Number of protein chains: 2
Amino acid sequence: MTDTRRHDVASITRFVEQLFERAGADAEVAQVVTRVLLEGELLGHRTHGLNLVSRYVAGVLDGQVKARAQDLEQLSDSGVASVFDGHYLLGPYCVERALASAAHGATAQGIGIAVVRRASHIGCLAAYLKPYTDRGLMAVVYSSDPSVGLVCAQGGIDPIYTPNPIAAGIPTEGEPILLDVSMSSVTLGLVGQCRDAGTTLAHDVLMSNQGEPSNDPRDFFTTPQGSLLPLGGQAFGHKGFALALMVEALTSGLAGHGRKDAPQQWGASATAVVIDPRFFGGLQAFTDETGFLGRLVLGSRPVDPQRPVRLPGQAGLKLREQALREGVSLSPAVLAALDQTAARLQLAPLSTD
Amino acid sequence: MTDTRRHDVASITRFVEQLFERAGADAEVAQVVTRVLLEGELLGHRTHGLNLVSRYVAGVLDGQVKARAQDLEQLSDSGVASVFDGHYLLGPYCVERALASAAHGATAQGIGIAVVRRASHIGCLAAYLKPYTDRGLMAVVYSSDPSVGLVCAQGGIDPIYTPNPIAAGIPTEGEPILLDVSMSSVTLGLVGQCRDAGTTLAHDVLMSNQGEPSNDPRDFFTTPQGSLLPLGGQAFGHKGFALALMVEALTSGLAGHGRKDAPQQWGASATAVVIDPRFFGGLQAFTDETGFLGRLVLGSRPVDPQRPVRLPGQAGLKLREQALREGVSLSPAVLAALDQTAARLQLAPLSTD
């Protein structure tokens with residue numbers, strides 16, 4: 001089941017779209033979800049890339065996850081501010097529609113915002129940004145999941161909120177700056193990887209359920225569960241904690257649906273803000289400034305001469321370019337899962353396409 | 001010159017307003033600047049409170065800092081997005097006008113944003129928020145100073161950008177959540193305090209100009225200068241670094257005036273975003289959610305039983321209530337500087353009012 005070939009982006013796109021369509025998705029939904037997951041894969045976010053396809057399709061097939069564009073309900077729209085209820089529709093479609101709505105407001109008046117509640121899993125926030133920076137827009141996305149508590153308050157023991165990432169795409173003179181960072185020290189995914197590998201984390205980024213800082217993933221997976229420390233750790237976690245509360249307010253707070261509603265199903269609250277620099281100091285002045293800043297960063301003396309200083313997103317964009325040129329190389333596990341999903345849907349496997 | 005009395009807020013307000021007016025400020029500018037600096041003092045931000053009055057007045061008197069409302073130039077306004085040039089007008093007036101403009105857009109359409117370039121020193125971002133949360137609005141303020149480089153890129157040695165704070169006021173059912181955090185590990189102020197006191201910092205939050213992490217403030221005040229590490233420190237500083245770049249883009253990028261222009265005078269780029277929850281899930285649902293989240297946080301088991309978990313801004317709001325009730329107690333140094341400034345302006349001192 002190993003696969004050392006590289007799959008070209010066009011054929012892998014068509015293959016994944018067909019999986020979603022056969023599972024019951026509209027063509028429009030299938031296209032958007034495929035594009036976002038593939039973009040996560042291309043940018044090197046392999047935990048939020050094509051590995052999610054089989055899980056998403058399974059969710060649709062068992063009825064937990066909706067897959068039709070009409071399931072996205074727009075609750076309000078002021079022209080620059082809108083709210084959607086995803087009713088647990090495939091999350092990438094929900095977030096993309098929110099971004100498109102926010103961009104519509106931004107290009108009309110300078111800024112737009114759209115909030116989605118009850119989106120199903122939304123993948124990797126970095127994967128949404130480039131189509132907007134390509135248009136000279138700055139896009140910011142926030143998310144939280146009110147059905148899950150993983151991160152403790154600063155000075156507290158109990159897991160309360162989610163890692164609550166902030167992502168932003170910033171146009172420059174050249175490649176955009178693409179950032180996507182969680183307000184926790186680490187993500188749950190990394191803790192799970194360390195547990196599976198039988199290793200510890202490099203730093204004390206966990207809090208045991210007895211209030212002891214720890215780097216041992218087993219101290220997280222307990223009953224009651226341990227916590228992830230906020231960004232900043234024990235010394236400066238008040239900052240990550242405060243920013244995480246801001247993200248909760250911008251997402252579940254504005255959505256009018258959050259922890260107070262005790263949702264049982266995994267589902268994101270996500271907020272997209274898009275800004276058009278043309279309504280401010282102008283796009284040229286904006287990209288002149290971000291380009292200048294980028295050159296300052298790249299010209300900085302590195303601490304380790306072997307590791308030049310990089311801009312957020314730079315490494316991912318390089319991987320993306322390579323994959324577009326040479327094709328996508330999938331891990332054997334992901335390819336196996338994709339082919340299994342294809343078989344379940346009576347479609348031909350990717351590995352023999 | 002010691003002063004153990006507490007000054008009531010009304011008389012201290014009038015005293016400071018008179019200083020600014022006598023120095024040449026409009027009544028409107030004097031009132032806003034006084035209110036913001038006093039609010040910083042009341043919230044316990046003593047490095048960004050009334051200690052700044054003498055410095056601000058001196059700036060006005062020597063012509064570096066402007067003090068008339070007409071010096072604030074509005075460059076554009078789409079209804080929800082506006083840009084101001086402060087021309088180095090007293091910063092609190094610039095930021096307050098930006099917030100008011102953003103709030104106007106927010107109450108009309110759900111969100112508003114205003115960007116100011118070339119504001120003189122803007123004090124403490126937390127001091128601007130409560131008037132907006134009192135109206136049921138969420139207010140977010142970002143700032144940077146393109147004339148100063150203090151913080152290094154992740155993996156880099158050279159100081160490039162400023163601590164770039166993010167502040168947010170979040171309405172709840174009761175007292176608001178008020179957060180104000182820099183995207184560096186620590187602020188320059190703290191490093192200076194440690195140098196003056198001959199102590200070291202509690203953590204390695206500095207980078208020497210030779211690329212060595214350090215907790216010794218002397219490693220910052222060198223030629224060439226050392227750097228502050230981004231929020232997250234050596235292990236997770238890529239997050240604070242990324243967020244700081246986002247703040248640079250939202251402030252100096254949108255302002256169309258930043259590091260590329262090599263400004264020589266200390267001056268802030270500041271961006272205010274105001275959001276009205278009534279255009280989203282509704283104010284009631286918003287404060288129900290933020291109130292619920294606040295109770296989860298406050299109910300969290302503390303790591304140290306002597307230190308209950310607190311919400312951002314909670315301690316400051318308690319100090320504020322006390323000062324409003326019992327009066328403001330000023331440090332001898334601040335009182336002396338205020339009285340000296342009064343004497344320079346041929347006004348009666350505060351200490352004998």
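A quick note: this is a predicted structure, and the numbers were derived from the prediction, not measured.
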Query raised in the report: Just by distance, do the side chain of A/Asp158 and the backbone of B/Arg301 share a donor-acceptor pair under 3.5 Å?
Result: yes
**Report entry** Winner by heavy-atom pair count (cut-off under 4.5 Å) against chain B, out of A/Met246, A/Arg295, A/Glu248
**Finding:** A/Met246
Query raised in the report: So which of A/Gly291, A/Ala235, A/Ala153 has the largest heavy-atom pair count under 4.5 angstrom toward chain B?
Result: A/Ala235
Query raised in the report: Would one find more than 12 heavy atoms of other residues, nucleotides or ligands at under 6.0 Å from atom NE2 of B/His238?
Result: yes
Query raised in the report: Can you tell me how far the CZ atom of A/Phe292 sits from the CG atom of B/Asp261, to the nearest 0.5 Å?
Result: 8.5 Å
Requested in this report: May I ask you to decide if B/Lys260's main-chain N or O and A/Glu289's side chain share a donor-acceptor pair within less than 3.5 Å?
Outcome: yes
Report task. Residue by residue, scan residues 225-234 of chain B and write down, ordered by number, those that have a heavy-atom distance under 4.5 Å to chain A; if none do, write 'none'. Result -> B/Leu231, B/Gly232
Query - Residue among A/Asp180, A/Ile170, A/Leu283, A/Ile177 with most heavy-atom pairs under 4.5 Å to chain B - result: A/Ile170
Query - Contacting region of B/Ser252 [heavy-atom separation from chain A under 4.5 Å] - result: both
Requested in this report: Tell me, out of A/Leu250, A/Thr287, A/Asp304, A/Leu311, who's got the most heavy-atom pairs with chain B below 4.5 Å.
Outcome: A/Leu250
Query raised in the report: When rounded to the nearest 0.5 angstrom, what is the spacing between CZ in B/Phe241 and CG in A/Leu179?
Result: 10.0 Å
Query - Approximate separation, where rounding is to 0.5 Å, of B/Lys239 NZ and A/Ile166 CD1 - result: 10.5 Å
Report summary line: Between the CG atom in B/Leu245 and the OG1 atom in A/Thr290, the distance rounded to the nearest 0.5 Å is 10.0 Å
Requested in this report: Kindly compute the distance separating CG (B/Leu293) from OH (A/Tyr161), expressed to the nearest 0.5 Å.
Outcome: 9.0 Å
Report task. Only counting residues at least two apart or in another chain, list the ones meeting side chain to side chain contact (heavy atoms under 4.5 Å, CB included) with B/Thr187. Result -> B/Ser182, B/Leu190
Report task. Would you mind telling me which of A/Leu296, A/Ile111, A/Val273 has the largest number of heavy-atom pairs within less than 4.5 Å of chain B? Result -> A/Ile111
Query raised in the report: So which residues of residues 200-210 of chain B are in contact with chain A at a heavy-atom cut-off of under 4.5 Å?
Result: B/His203, B/Val205, B/Met207, B/Asn209
Query raised in the report: Under the side-chain hydrogen bond (donor to acceptor under 3.5 Å, both in side chains) rule, what pairs show up with a residue in residues 277-286 of chain A, not counting sequence neighbours?
Result: A/Asp276-A/Arg278, A/Gln284-A/Asp288
Query - B/Ile113 side chain near A/Phe279 side chain, heavy-atom distance below 4.5 Å - result: no
Query raised in the report: Where on B/Arg310 is there a heavy atom nearer than 4.5 Å to chain A: the side chain, the backbone, both, or neither?
Result: backbone
Report summary line: dist B/Ser300:OG -> A/Ile157:CD1 (nearest 0.5 Å) comes out at 7.0 Å
